[in-house]
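Some notes on the structure that comes next.
Just so it is clear, the model here is predicted, and its values are computed rather than measured.
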Amino acid sequence: MAVQRICTIEDKPFLRALWQRCFGDSDSFLDFYFEKRFFPEYTVCTMEDDKLVNAMYSFPVNMYVRGVIVPAAILAGFSTDPDYRGRGYMSSAFELLINKLAERGIAVGPHTPVKHDSYFRLGNLTATETRFLTGTADKPKVMPAGVNFGRMSEIGKLYHLYMNFAEKYSGTLARSMNDFKLKMQDLDSDGGEFIIADRGGEPKGYSLYFNGVEGFTAVETVYDSDETAAVLANALAFIADNKPMKIKLPPDSNVTLAGCEVKTVPHGVAAAANLPKLMHMIFKEDNVVIKINDPVCKVNNGTFLLNGTPTDAFPDIEIDAGHFMQFIEGYKSLYDLDNEECVVFNNWFVEEYLDDRYPKCKCFICDEY
């Protein structure tokens with residue numbers, strides 16, 4: 001009989017072995033992850049036949065939602081031993097993890113699953129978009145002026161660039177300086193590199209990338225202007241040296257490269273953890289009443305004032321947690337959700353009122369596992 005539970009530190013070697021079997025990552029990355037990113041109390045495992053056969057990993061972060069920094073936990077991966085797949089462990093492990101995160105005061109669980117729609121049935125709906133440049137870019141004749149290869153000793157001066165960039169988007173992590181260093185160590189642990197765009201002696205942007213034998217992937221590009229973004233993209237094309245490339249950018253980016261296709265796609269989903277806490281942090285005081293249904297996380301079920309306070313009042317709106325999460329993050333308006341028949345209005349005045357007070361946002365996330 002299978003037993004699912006929160007992990008302990010004693011589970012670490014078994015979790016590492018399972019991760020390596022399922023994902024095939026390098027020893028250097030696994031050394032980094034299980035030393036710096038592993039939090040047993042934020043990880044769920046499944047035991048069967050006296051063997052650890054399944055796990056869902058997460059770790060605590062902070063995240064911007066409509067310009068407010070909220071407690072979050074990024075879902076870092078889900079793995080099941082190939083011999084034990086098809087037994088429904090994903091759904092039950094996810095439910096256990098989200099409820100435990102909600103008890104810890106975590107408001108939301110952002111993640112970027114490989115199969116974007118695989119979590120929809122769990123109420124994890126699209127919450128962010130990403131623009132990708134893909135193709136074989138024409139290689140510039142020279143490296144653009146002002147762009148240099150970065151060194152780990154220089155990362156301190158890049159932190160303010162990230163924070164100025166991140167605060168423009170709902171769904172992006174609000175990294176501390178330590179979080180930023182961990183991101184760069186993460187890159188380094190798996191053989192990644194980075195470049196810095198400099199102007200007048202001051203860094204204006206950077207890009208993190210992996211230059212593989214078969215292809216080139218830029219996983220984070222941060223910049224202060226469209227001009228800097230274009231310079232970085234051309235520098236990446238120079239380094240890629242006519243290899244197939246993929247550059248990840250925010251959805252409002254205007255960057256193009258000759259030889260590459262530009263496409264904006266749904267790329268991140270958001271798991272509603274402690275919605276009453278999130279509502280209290282995001283929304284102002286008013287008398288709007290919302291009834292929420294969440295088949296996954298217990299604390300989210302009920303009728304609340306918009307600020308998360310439970311109430312017995314008759315609801316103005318009835319909505320499920322996943323679609324309400326899309327509105328909270330600013331990815332969809334109530335008008336959008338109404339057109340999709342994903343919300344019930346008992347008070348039609350509320351739709352226009354809330355959409356005007358809490359308009360849609362630019363939604364983007366850099367971090368993914």
Side-chain angles (χ1 to χ4, degrees), residues 16-37 57 74 76-79 82 111-116 130-144 147-155 158 162 180-197 205-223 229-250 253 255-265 267-268 364-369:
R16 177 183 170 129
L18 178 64
W19 184 303
Q20 191 162 45
R21 183 178 186 194
C22 293
F23 302 131
D25 286 314
S26 65
D27 284 335
S28 58
F29 170 77
L30 289 171
D31 287 345
F32 164 79
Y33 183 88
F34 282 95
E35 178 62 31
K36 302 292 188 179
R37 295 291 203 195
Y57 311 82
I74 194 162
F78 183 86
S79 55
H111 57 123
T112 50
V114 175
K115 295 182 179 179
H116 189 74
T130 298
R131 179 161 292 188
F132 287 104
L133 287 181
T134 57
T136 304
D138 296 345
K139 181 181 179 181
K141 293 182 179 179
V142 297
M143 184 77 152
V147 178
N148 300 293
F149 291 97
R151 298 185 299 271
M152 291 299 286
S153 60
E154 299 176 290
I155 63 175
L158 303 181
Y162 175 80
F180 189 75
K181 289 179 180 178
L182 285 172
K183 178 67 177 183
M184 303 301 276
Q185 290 170 16
D186 188 338
L187 175 82
D188 186 57
S189 74
D190 219 15
E193 300 176 279
F194 65 100
I195 52 174
I196 301 173
Y206 67 83
S207 188
L208 317 181
Y209 64 88
F210 295 93
N211 193 359
V213 175
E214 307 253 331
F216 182 97
T217 305
V219 296
E220 180 170 310
T221 299
V222 167
Y223 47 87
V231 168
L232 286 167
N234 278 280
L236 294 171
F238 180 85
I239 299 166
D241 194 18
N242 297 311
K243 278 188 281 196
M245 64 188 304
K246 184 176 185 179
I247 302 177
K248 179 181 180 182
L249 296 161
S253 169
V255 175
T256 60
L257 283 174
C260 285
E261 177 188 17
V262 181
K263 190 173 183 180
T264 302
V265 299
H267 189 60
F364 174 63
I365 185 169
C366 294
D367 295 71
E368 55 184 291
Y369 273 81

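Between E220 and Y162, the side chains place no donor N or O within less than 3.5 Å of an acceptor N or O (distance only, hydrogens not considered). A side-chain N or O of S26 and one of D190 form a donor-acceptor pair less than 3.5 Å apart.
Between A237 and K139 the shortest heavy-atom distance is O-CG, 4.1 Å. For the residue pair I196 and E154, the shortest heavy atom distance occurs at CD1-OE1, 3.9 Å. Looking at every heavy atom in both residues, K248 comes nearest to C366 through NZ-O, 2.7 Å. Nearest heavy atoms, P144 versus V231: CG-O, 3.8 Å.
The aromatic rings of F29 and F32 lie tilted to each other, with the angle between the two planes from 30° to 60°. Under the 30°/60° scheme for interplanar angles, the aromatic rings of Y33 and W19 are found to be tilted.
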One pair to check against ring-ring contact (aromatic ring centres under 6.0 Å, His included): Y209 and F194. What are the steps and the verdict?
CA-CA 6 Å; Y209 64 88; F194 65 100; 8.5 Å; no
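Among L232, V255, I195, the single residue meeting the side chain to side chain contact (heavy atoms under 4.5 Å, CB included) criterion with T221 is L232.
Counting heavy atoms from C-beta on, the side chains of Q185 and L187 never come closer than 4.5 Å. When side chains are defined from C-beta on, K183 counts as touching L208, because their heavy atoms get closer than 4.5 Å. With contacts defined as side-chain heavy-atom distances shorter than 4.5 Å, the pair K263/R131 does not qualify. Under the 4.5 Å side-chain criterion, counting only non-hydrogen atoms from C-beta, F23 is in contact with S79.
Looking only at distances, a side-chain donor or acceptor of S189 sits under 3.5 Å from a matching main-chain atom of D186.
The structure places CD of E193 at 13.5 Å from CZ of R151, a figure rounded to the nearest 0.5 Å. Rounding to the nearest 0.5 Å places OG1 of T130 at 5.0 Å from CZ of F364. Residue E261 holds its CD atom at 13.0 Å from OG1 of T256, rounded to the nearest 0.5 Å.
Residue pairs satisfying the salt bridge (Lys or Arg N to Asp or Glu O under 4.0 Å) criterion with at least one member in residues 22-32, sequence neighbours excluded, are listed as follows: R16-D27, R16-D31.
A salt bridge is defined here as a Lys NZ or Arg NE, NH1 or NH2 lying under 4.0 Å from an Asp or Glu carboxylate O, and E214 with K243 fails to meet this definition.
Remark: K246 qualifies as a cation-pi partner of F132 under the 6.0 Å distance and 45° angle criteria applied to the six-membered ring.
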